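To keep things clear, I will list the structure first and then write my remarks on it.
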Amino acid sequence: MADGFASVAERAAFIAGLPKAELHLHIEGSLEPELMFELARRNAIPIPFASVEEVRAAYAFSNLQDFLDIYYQGMSVLVTEQDFHDLTAAYLARAHADNVRHVEIFFDPQGHTQRGVAFDTVIAGITRALSEARERHGLTSKLILCFLRHLSEAEAEATLDAALPWLDRIDGVGLDSSEVGHPPSKFERVFARARGLGLKLVAHAGEEGPPAYVVEALDLLKVDRIDHGNRSLEDPALVRRLADAGLCLTVCPLSNLKLCVVDDIAAHPLRTMLDAGLAATVNSDDPSYFGGYVNANYQAVADALDLSRAELVTLARNSFTGSFLEDGERDRHLAAIDAYA
Ligand code: ADE
Ligand code: ZN
């Protein structure tokens with residue numbers, strides 16, 4: 001065992017108690033099959049599964065697109081403000097149970113407006129649950145609107161227009177969905193407008209796409225964080241640039257395994273990233289589809305790579321230093337990690 005842990009169980013307990021932030025979580029990807037069935041019944045939406053077990057069995061993916069096809073189909077049961085509230089409340093309860101103290105949540109409004117669900121319905125439900133979690137658990141949050149990159153930039157612009165009345169509740173914009181063939185450059189203008197509105201900027205890059213997409217996200221979109229970023233490791237100059245800038249990477253180990261970004265969790269590049277000085281964090285991405293929430297992600301990668309106490313503390317610290325929390329709040333969480341460790 002790595003430094004100081006007498007057993008795997010002791011390390012698991014250390015992970016469970018570690019104060020953490022989660023920075024890469026698609027709220028629609030936290031839709032558990034049980035809730036999917038309940039909402040399908042509530043809204044009389046047909047779903048092509050006979051049981052929860054059948055849904056889980058369908059979650060076998062060979063790449064990102066395989067997953068996205070089923071992910072967009074799954075979200076069709078989300079219709080009312082209450083549905084979005086219940087989805088978000090269920091995730092926040094799981095995060096709280098994992099000792100997650102702060103979350104930065106993605107949502108995909110175009111996945112809903114394209115089906116005739118109003119933008120306002122989506123955001124009202126999500127933000128009501130976020131406010132409740134803050135009151136009940138002291139769990140703080142930021143909300144990040146993602147543009148679907150397989151759609152046009154004009155559609156992203158229309159989505160940003162729909163968000164304008166809600167800017168007091170939206171902290172940033174992101175870029176997700178099918179990466180290859182949809183480079184960051186396609187969204188340069190809408191990201192510039194979001195930047196002008198004072199929003200934080202993130203983008204999925206280097207999950208399946210080449211390191212050049214990470215460079216575009218930095219140079220053209222001027223992002224504050226990179227979501228995933230795994231393939232940055234193929235470009236040593238890019239690795240040096242990311243390390244020198246202290247730019248946070250929101251890494252998702254179980255997602256990478258389920259989407260075949262890595263063949264084996266033991267081959268996950270998380271330690272390589274840390275050794276290269278990259279500000280990597282551990283996140284769950286779409287926990288219902290990939291088999292685990294934040295602690296399960298820490299656990300899987302810690303066991304496979306035999307991560308040390310110091311490495312786990314670094315990952316948790318990175319989750320707060322890479323967050324969009326105000327300085328005082330961030331420092332308070334870092335002090336709590338230091339006290340724990
Ligand atoms: N949307 C939800 N999860 C995603 C992922 N891992 N990559 C790209 N788009 C996504
Ligand atoms: Zn993601």
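Given the structure is predicted, the values throughout are model-derived calculations rather than measurements. Start at 1 and go down the list; that is how both ligands and their atoms are numbered.
The backbone N or O of Leu148 sits less than 3.5 Å from a side-chain atom of Gln110, completing a donor-acceptor pair.
Of the listed residues (Gln65, His26, Lys258), the one carrying the non-hydrogen atom nearest atom 2 (C) of ligand 1 is His26. Nearest-heavy-atom check against atom 3 (N) of ligand 1 across Leu25, Asp108, Asp286, Asp176 picks out Asp286.
Below the 2.8 Å limit, the Zn ion (ligand 2) has as protein N, O or S neighbours His24 NE2, His26 NE2, His204 NE2, Asp285 OD1.
For the residue pair Thr250/Asp227, the side-chain donor-acceptor check at 3.5 Å is satisfied. Using modelled atom types, one finds no donor on one side chain facing an acceptor on the other under 3.5 Å when comparing Glu22 with Ser319. Side-chain contact check for Arg134 and Thr140: no donor-acceptor pair (N or O, by modelled atom type) lies under 3.5 Å. Side-chain contact of Asn43 with Asp83: a donor-acceptor pair under 3.5 Å is present, judged by distance alone.
Ligand 1 has no N or O atom lying under 3.5 Å from any N or O atom of His24, backbone or side chain.
Residue-ligand proximity, His228 to ligand 1, at heavy-atom distances under 4.0 Å covers atoms 6 (N).
With hydrogens left out, the protein atom closest to atom 7 (N) of ligand 1 is Glu207 OE1, 2.7 Å, a heavy atom. The protein heavy atom nearest to atom 6 (N) of ligand 1 is Asp285 OD2, 2.7 Å. For atom 9 (N) of ligand 1, the closest non-hydrogen atom of the protein is Ser177 N, 2.8 Å.
Residues passing the salt bridge (Lys or Arg N to Asp or Glu O under 4.0 Å) test with Arg189, sequence neighbours excluded: Glu153.
Side-chain contact between Leu151 and Gln114 is present, with heavy atoms from C-beta onward closer than 4.5 Å.
Both cation-pi conditions hold for Arg309 and Phe5: the charged atom is under 6.0 angstrom from the six-membered ring centre and inside a 45 degree cone around its axis. Phe320 does not carry Arg101 over the face of its six-membered ring by the limits of under 6.0 Å from the centre and within 45° of the normal.
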**Candidate pair Phe290 and Phe67, rule ring pair (Phe, Tyr, Trp, His ring centres under 6.0 Å), full reasoning** = CA-CA 10 Å; Phe290 302 147; Phe67 154 70; 4.8 Å; yes
**Request:** Could you please spell out the steps behind the ring pair (Phe, Tyr, Trp, His ring centres under 6.0 Å) verdict for His204 and His26?
**Result:** CA-CA 12 Å; His204 285 54; His26 302 263; 5.0 Å; yes
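Heavy atoms of Leu68 come nearer than 4.0 angstrom to ligand 1 in at least one pair.
Contact annotation: for Glu179 versus ligand 1, there are no heavy atoms closer than 4.0 Å. Neither the backbone nor the side chain of Glu28 has a heavy atom within less than 4.0 Å of ligand 1. Contact annotation for Phe67 and ligand 1: only side-chain heavy atoms (C-beta onward) come within less than 4.0 Å of the ligand.
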